[in-house]
Amino acid sequence: NAKHTPGPWKLRKDYAITAHCAETETHEPIARAYGDGSVENLHANSRLIASAPDLLEFAKAVIRYAGSAGDDYLADKARDVIAKATGGAE
């Protein structure tokens, strides 16, 4: 059951995505984004990757809200997103 590197993740100017390292108290690179050659695409990919931990937490919140509101469709969609992000580990 692998866990992802905890957020928040940050985006550097060189398109590296970094996360806080408790041992060194610095942000260390954990990923790098690539695109189709356009700077706009590269930047969009970088922002999406860097926001992944926040989006995962949002999907979990949607399940809590949708469950209490009786919205099975929304809860199921959020579960699908979480399974895709975690490989079904959650």
Side-chain angles (χ1 to χ4, degrees):
N1 236 0
K3 299 272 185 195
H4 69 276
T5 303
W9 293 356
K10 297 185 182 218
L11 174 60
R12 289 192 329 203
K13 290 180 182 179
D14 65 353
Y15 303 106
I17 290 82
T18 65
H20 183 260
C21 177
E23 284 182 22
T24 62
E25 290 298 321
T26 60
H27 272 78
E28 299 295 328
I30 60 168
R32 181 173 305 279
Y34 296 91
D36 63 3
S38 73
V39 173
E40 293 83 12
N41 184 268
L42 177 59
H43 195 65
N45 289 346
S46 300
R47 289 191 314 265
L48 183 60
I49 294 167
S51 68
D54 298 321
L55 293 169
L56 181 58
E57 287 306 310
F58 178 75
K60 292 175 182 178
V62 166
I63 289 174
R64 290 190 298 273
Y65 169 78
S68 65
D71 190 334
D72 293 337
Y73 173 79
L74 190 57
D76 288 344
K77 293 300 277 184
R79 281 188 198 92
D80 290 346
V81 167
I82 292 169
K84 186 175 182 179
T86 64
E90 300 237 348

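Please read all numbers here as calculations on a predicted model, not as lab measurements.
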(request) Return the set of residues passing salt bridge (Lys or Arg N to Asp or Glu O under 4.0 Å) with Arg47 (not counting sequence neighbours), or none when no residue passes. (result) none

(message) Minimum heavy-atom separation for Arg32 and Asp14, please, with both atom names.
(response) NH1-O, 2.8 Å

(request) Supply the atom-to-atom distance Arg79 CZ to Leu74 CG, rounded to the nearest 0.5 angstrom. (result) 10.0 Å

(request) Measure the spacing between CG of Asn45 and CD of Glu40 and express it to the nearest 0.5 Å. (result) 11.5 Å

(request) Apply side-chain contact (heavy atoms from CB on, under 4.5 Å) to His4 and Thr86, showing your working. (result) CA-CA 8 Å; His4 69 276; Thr86 64; 5.8 Å; no

(message) Return the OH to CG distance between Tyr34 and Asp36, rounded to the nearest 0.5 Å.
(response) 14.5 Å

(request) Taking all heavy atoms of Ala19 and all of Thr5, pick out the closest pair and write down the distance. (result) CB-CG2, 3.5 Å

(request) Measure the spacing between CG of Asn41 and OG of Ser46 and express it to the nearest 0.5 Å. (result) 9.0 Å

(request) Under the side-chain contact (heavy atoms from CB on, under 4.5 Å) rule, what do Val62 and Val81 come out as? Steps first, then yes or no, please. (result) CA-CA 11 Å; Val62 166; Val81 167; over 6 Å; no

(message) Rounded to the nearest 0.5 Å, what separates atom NZ in Lys60 from atom CG in Leu55?
(response) 12.0 Å

(message) Quick one about Glu28 and His20 (side-chain donor to acceptor, distance below 3.5 Å, no hydrogens or angles considered), yes or no?
(response) no

(request) Identify the heavy atoms of Arg12 and Pro29 that sit nearest to each other, and give their distance. (result) NH1-CG, 3.7 Å

(message) Among residues at least two apart in sequence or on other chains, which ones pass salt bridge (Lys or Arg N to Asp or Glu O under 4.0 Å) with Asp71?
(response) none

(request) Please report the shortest heavy-atom distance between Ile49 and Trp9, naming the atom on each side. (result) O-CE3, 3.2 Å

